Amino acid sequence: TQHSVKELQSLGIKPDILVCRAEKEIDESMKEKIALFCNVRKEDVIQNKTVKILYEVPLMLEKEGLALRTCEKLKLENIEPKNEEWEKMIFSVKNVINKDINIAIVGKYVKLEDSYISVIEAVKHGGFANNTKVNIEIVNCENINNENAKDVLGKYNGIIVPGGFGNRGIDGKIATIKYARENNIPFLGICLGMQMAVVEFARDVLGYTNANSEEFDNITKTKVIHIMEEQTKIDKKGGTMRLGAYPCVLEKGTLASNLYGSEEISERHRHRYEFNNDYKKKMKEKKMVFSGTSPDGNLVEIVEIKNHPYFIAVQCQPEFKSRPDRPQPLFVGLVKATKNRI
């Protein structure tokens, strides 16, 4: 700590408060020593202890006086914190009464778990809302095919196929989606997961064996996912990517509208390819539901499968808006459907 402060001071930065990570309690004598050698007051040495649950950290830092010290430094009037709701949430998380459920996140970025950290945390938030402990595992989609899908995925109560880029592992994702659809396993597809849900439906329900996304096969005549005509003339790098928040209109009476409790929502996006509306009618006839579209109706945002316990796939990245005290509805619904199925 002393060395770090010295390095900061060499850059002309004088710290007012030191937040010190620690596995064990920092005793008063240690705080006094840190304060003396780092030229701060003892009360400005804040310990940041390891906690069992990540979301305990704000309460722990509040108890240590970080907010009070910060207000003093900034000459702000100290306002009494209102953490009752957060405290209730932490209490409920620590006292889960429902049985555990197992959810698989089937993707290809398996070497670095943080690749799916937002999805993982959103699933946990869904567990908080359902008073259910969720065991989450990342499963390598490259190891899955139609023959072994049941063996690999059979122990999971729910499945998520998240976003991604590139064609590596695509066949495994499609096999995963087929397994979830045919075996009534609660399923949530995100971004690329939604696009592959459409491809799987076109292949295995409509019988278009060559159906694919233009991203992976620009020769096939059955491009159920494609770059829209008005985008093909854009040559500026990144110009064809739909990035940021976009509005979505939900069809009444659908799973999506029931989950959100609203007729219009806004979610964040990061993708380039869209659903090909030429196949909309045929898919509707086979009980695919287009429950969310752009306000003008041109872009399909959410698809569902009728007569399935929970099968919903979205073009957006809903995990980005999930918070422990405001869980994202799609993840709440997934955990609820998974819990009810056990």
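Throughout, numbering of the chain's residues begins at 1 and tracks the sequence. The structure presented is a predicted model; accordingly, all values stated were derived computationally and were not measured. All values below come from the heavy atoms of this structure, side chains included, with hydrogens, waters and symmetry mates left out.
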Problem - pair Leu250-Glu263: side-chain heavy atoms closer than 4.5 Å - result: no
Problem - Glu121: partners by salt bridge (charged side-chain N to carboxylate O under 4.0 Å, His left out), with sequence neighbours left out - result: Lys124
Practice task
Establish, from distance only, whether the side-chain atoms of Asn131 and Asn98 form a donor-acceptor pair under 3.5 Å.
Solution key: no
Problem - Partner residues of Glu43 under the side-chain contact (heavy atoms from CB on, under 4.5 Å) criterion, sequence neighbours left out - result: Arg41, Arg69
Practice task
Determine whether Lys282 and Tyr208 make a side-chain contact, defined as any pair of heavy atoms from C-beta on separated by less than 4.5 Å.
Solution key: yes
Completion exercise
Value for CD1 (Ile225) from CE (Met196), rounded to nearest 0.5 Å, stands at 6.5 Å
Handout entry: Nearest-0.5 Å distance that lies between atom CG in Leu259 and atom CD1 in Ile312
Key = 5.5 Å
Fill in the blank from the handout: Excluding Leu18, membership of its hydrophobic cluster (Ile, Leu, Val, Met, Phe, Trp, Tyr; side-chain heavy atoms within less than 4.5 Å) reads Val5, Ile26, Met30, Ile34, Val40, Val45
Problem - Stepwise salt bridge (Lys or Arg N to Asp or Glu O under 4.0 Å) check, Arg168 with Glu142 - result: CA-CA 8 Å; Arg168 181 167 63 87; Glu142 294 185 87; 2.6 Å; yes
Problem - Non-hydrogen side-chain atoms of Glu301 and His269 separated by less than 4.5 Å - result: yes
Completion exercise
Tightest non-hydrogen contact, residues Ala211 and Arg203, listed as O-NE, 2.8 Å
Exercise for the section: Working to the nearest 0.5 Å, report the span between CD1 of Ile136 and CD1 of Ile120. Expected result: 6.0 Å
Practice task
Can you sort out the partners of Val289 under side-chain contact (heavy atoms from CB on, under 4.5 Å), two or more places apart, ordered by chain and number?
Solution key: Thr254, Ser291, Glu304, Lys306
Problem - More than 12 heavy atoms of other groups within 6.0 Å of Glu87 CD - result: yes
Fill in the blank from the handout: Residues passing the salt bridge (charged side-chain N to carboxylate O under 4.0 Å, His left out) test with Lys49, sequence neighbours excluded, are Glu25
Practice task
Flag the pair Phe320 / Ser118 as yes when at least one side-chain heavy-atom distance between them is below 4.5 Å, and no otherwise.
Solution key: yes
Problem - Ion pair Lys88/Glu85, N-O distance below 4.0 Å - result: yes
Exercise for the section: Please find out if less than 6.0 Å separates the ring center of Tyr55 from that of His125. Expected result: yes
Exercise for the section: Enter the distance from Asn145:CG to Asp151:CG here, rounded to the nearest 0.5 Å. Expected result: 9.5 Å
Exercise for the section: Answer with yes or no whether the side chains of Tyr156 and Glu137 bring together a donor and an acceptor at under 3.5 Å. Expected result: yes
Handout entry: With sequence neighbours excluded, residues passing salt bridge (charged side-chain N to carboxylate O under 4.0 Å, His left out) with Glu182
Key = none
Practice task
Compare every heavy atom of Ala337 with every heavy atom of Tyr310, then report the nearest pair and how far apart it is.
Solution key: CB-CB, 3.5 Å
Practice task
Might you point out which heavy atoms bring Val119 and Pro162 nearest each other, and give the distance in Å?
Solution key: CG2-CB, 4.5 Å
Practice task
Quick one: pull up NZ in Lys111 and CD1 in Ile138 and give me the separation to the nearest 0.5 Å.
Solution key: 14.0 Å
Handout entry: Min side-chain heavy-atom separation Arg272-Ile227 under 4.5 Å
Key = yes
Handout entry: Residue pairs passing the ring-ring contact (aromatic ring centres under 6.0 Å, His included) test where at least one lies in residues 132-154, sequence neighbours excluded
Key = none
Fill in the blank from the handout: Of all heavy-atom pairs linking Gln315 and Val300, the shortest is CG-O, 3.4 Å
Problem - NZ/Lys133: more than 12 non-hydrogen atoms of other groups inside 6.0 Å - result: no
Completion exercise
dist Phe290:CZ -> Glu251:CD (nearest 0.5 Å) comes out at 10.5 Å
Completion exercise
Here the side chain to side chain donor-acceptor pair (under 3.5 Å) pairs for residues 323-342, sequence neighbours left out, are Tyr260-Gln328, Glu267-Gln328
Practice task
Taking the side chain as every heavy atom from C-beta outward, state whether Lys173 and Ile144 have any atom pair closer than 4.5 Å.
Solution key: no
Exercise for the section: Report the residues that fulfil ring-ring contact (aromatic ring centres under 6.0 Å, His included) with His308, sequence neighbours left out, ordered by chain and then residue number. Expected result: Phe311
Practice task
For the residue pair Arg242 and Leu299, establish whether any side-chain heavy-atom pair is separated by less than 4.5 Å.
Solution key: yes
Exercise for the section: Please indicate whether Lys14 has more than 12 foreign heavy atoms, meaning atoms of other residues, nucleotides or ligands, lying under 6.0 Å from its NZ. Expected result: yes
Exercise for the section: Give me the other members of the hydrophobic cluster that Ile219 sits in, counting Ile, Leu, Val, Met, Phe, Trp and Tyr linked by side-chain heavy atoms under 4.5 Å, directly or via other members. Expected result: none
Exercise for the section: Report yes if some heavy atom in the side chain of Tyr246 is under 4.5 Å from a heavy atom in the side chain of Ser294; otherwise report no. Expected result: no
Fill in the blank from the handout: On a heavy-atom basis, the closest approach of Tyr279 and Lys221 is OH-O, 3.4 Å
Completion exercise
Residues Ala129 and Pro327: closest non-hydrogen pair is CB-CG, 3.8 Å
Practice task
Go through the structure and list residues passing salt bridge (charged side-chain N to carboxylate O under 4.0 Å, His left out) with Lys73, not counting sequence neighbours.
Solution key: Asp44
Practice task
Check which hydrophobic residues are tied to Leu76 through side-chain heavy-atom contacts below 4.5 Å, counting indirect links as well, and list them.
Solution key: Leu74
